[in-house]
Chemist: 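Shown below is the structure under consideration.
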Amino acid sequence: TFTSSRISSLNRHMKTHTNEKPYTCHLCLKAFRTVTILRNHINTHTGTRPYKCDDCDMAFVTSGERARHRRYKHTHEKPFKCSMCAYASVEASKLKRHIRSHTGERPFQCHLCSYAGKDAYKVKRHMRTHSGERPYECHVCHARFTQRGTMKIHVLQKHGENVPKYQCPHCDTVTARKSDLRVHLLKLHTYEAAEMKCRYCSAVFHERYALIQHQKTHKNEKRFKCEHCSYACKQKRHMAVHVRTHTGEKPFACLSCNRRFQQKQLLNVHVKKYHDTTFVPTVYRCPRCGKGYSRLVSY
DNA sequence: AGATCTTGCGCCCTCTGCTGGATTTAA
DNA sequence: ATTAAATCCAGCAGAGGGCGCAAGATCT
């Protein structure tokens, strides 16, 4: 809907609706509407960049490109302001893209799955998850990656020296990645409404790290205490055996005579002594070291 | 008509942070 | 030896910066 007070402008505007392109590039045969556009186009072939930036050594084909560059790099003027937050941009298209992060609109649909992106690049990058393409290679170990950023972090962590570390403010844990420190804080240093009980005593905690530290203080104690007598031991399995002296339970039966034992070891000794025909009893024992022999010659 | 702004689309880049499987460590 | 939890790590998406290029609009 073009409106103008002058008939000449209207005529000129009407020309934009015709597809007349009389000016042709002799290098690539592309056609253009005006000589100026053609000239700019040829400059892209020849590398001629007449518009130099005053503040750095960049140069551009059009004055508009230079103006935009100066906003980005030097004046930092950002005319496009977001009405919902503090964001401002140099270009209208950037504001438009930004607005989608408020609205959640995702106009760019992947044609292979349900993913949709807020801009075209997201979908393009996403397509690598379908193609399996991994364009970025580590120059040291030649491992390949789907994104450059992932490759860079790999090179830093695996092959770099004086790698940055993330120190936990609450304990001496150090992680290589910031997001892993976040996970650590969440799992170990977050207040839990539910009480967490010590495995060995009645102490109660609301922070996992405190619980674990506390449980370590039990480490060299005989943590397993018999309910029926004063016996205590460091290992759970020892207590299991001990408890049978109170219950009288004898889980191990001899297959030959059906005699029962509290401990497997006791059964083994029994079998060897009474039912193993190849077993030779110790007859001659050395008085100095206690070692036993079946024959006098060996002794 | 030509020159010069202004718009608009496109391409590619970086930084950032979450996730879940693999590996290591401790009980 | 087994197992549970912690840490490592690559995959992958969100958000935004910067430039290339040509068409549209306006000025001279």
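Here is how names work: the chains are called A, B, and so on, in the same order as the sequence lines, proteins then strands, and each is numbered from 1. Only this structure's heavy atoms are used, side chains among them; waters, hydrogens and symmetry mates stay out.
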Chemist: In whole angstroms, how far is the C1' atom of C:dC9 from the NZ atom of A:K165?
Modeler: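 Whole-Å distance recorded here is 13 Å.
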Chemist: Is any N or O donor-acceptor pair between the side chain of A:K122 and the base of C:dA15 shorter than 3.5 Å?
Modeler: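 Under the 3.5 Å cut-off, the side chain and the base do form a donor-acceptor pair.
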Chemist: Where is the tightest heavy-atom contact between A:R71 and A:T75, given as atom of each residue plus distance?
Modeler: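 Looking at all heavy atoms of both residues, the closest pair is CA-OG1, 3.2 Å.
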Chemist: What's the closest nucleotide to the A:F60 side chain, out of C:dC12, C:dA10, C:dC19?
Modeler: C:dC19
Chemist: For a 4.5 angstrom cut-off between non-hydrogen side-chain atoms, does A:S89 reach A:R97?
Modeler: no
Chemist: N/O contacts under 3.5 Å, protein versus nucleotides 20-24 of chain B?
Modeler:
none

Chemist: Can you confirm whether A:K96 sits close enough to A:I99 that some side-chain heavy atom of one is under 4.5 Å from a side-chain heavy atom of the other?
Modeler: no
Chemist: Which pairs of donor and acceptor atoms, one on a side chain in residues 135-144 of chain A, lie under 3.5 Å apart (sequence neighbours left out)?
Modeler:
| from | atom 1 | to | atom 2 | distance (Å) |
| --- | --- | --- | --- | --- |
| A:E137 | OE1 | A:R144 | NH1 | 2.5 |
| A:E137 | OE2 | A:H142 | ND1 | 2.6 |
| A:R144 | NE | A:R134 | O | 2.9 |
| A:R144 | NH2 | A:R134 | O | 3.3 |

Chemist: A:C113 and A:Q109: which non-hydrogen atoms are nearest, and at how many Å?
Modeler: O-NE2, 3.1 Å
Chemist: With the sugar-phosphate defined as primed atoms, P, OP1 and OP2, and the base as all remaining atoms, what B/S/- string results for nucleotides 7-14 of chain B, 5' to 3', for protein heavy atoms under 4.0 Å?
Modeler: -BBB-BBB
Chemist: Side-chain donor or acceptor of A:Q215 under 3.5 Å from a matching atom on the base of B:dA27?
Modeler: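 Counting by modelled atom types and ignoring angles, no donor-acceptor contact under 3.5 Å is found here.
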Chemist: Which one, C:dG11, B:dC5, C:dC8, comes nearest to the side chain of A:T175?
Modeler: C:dC8
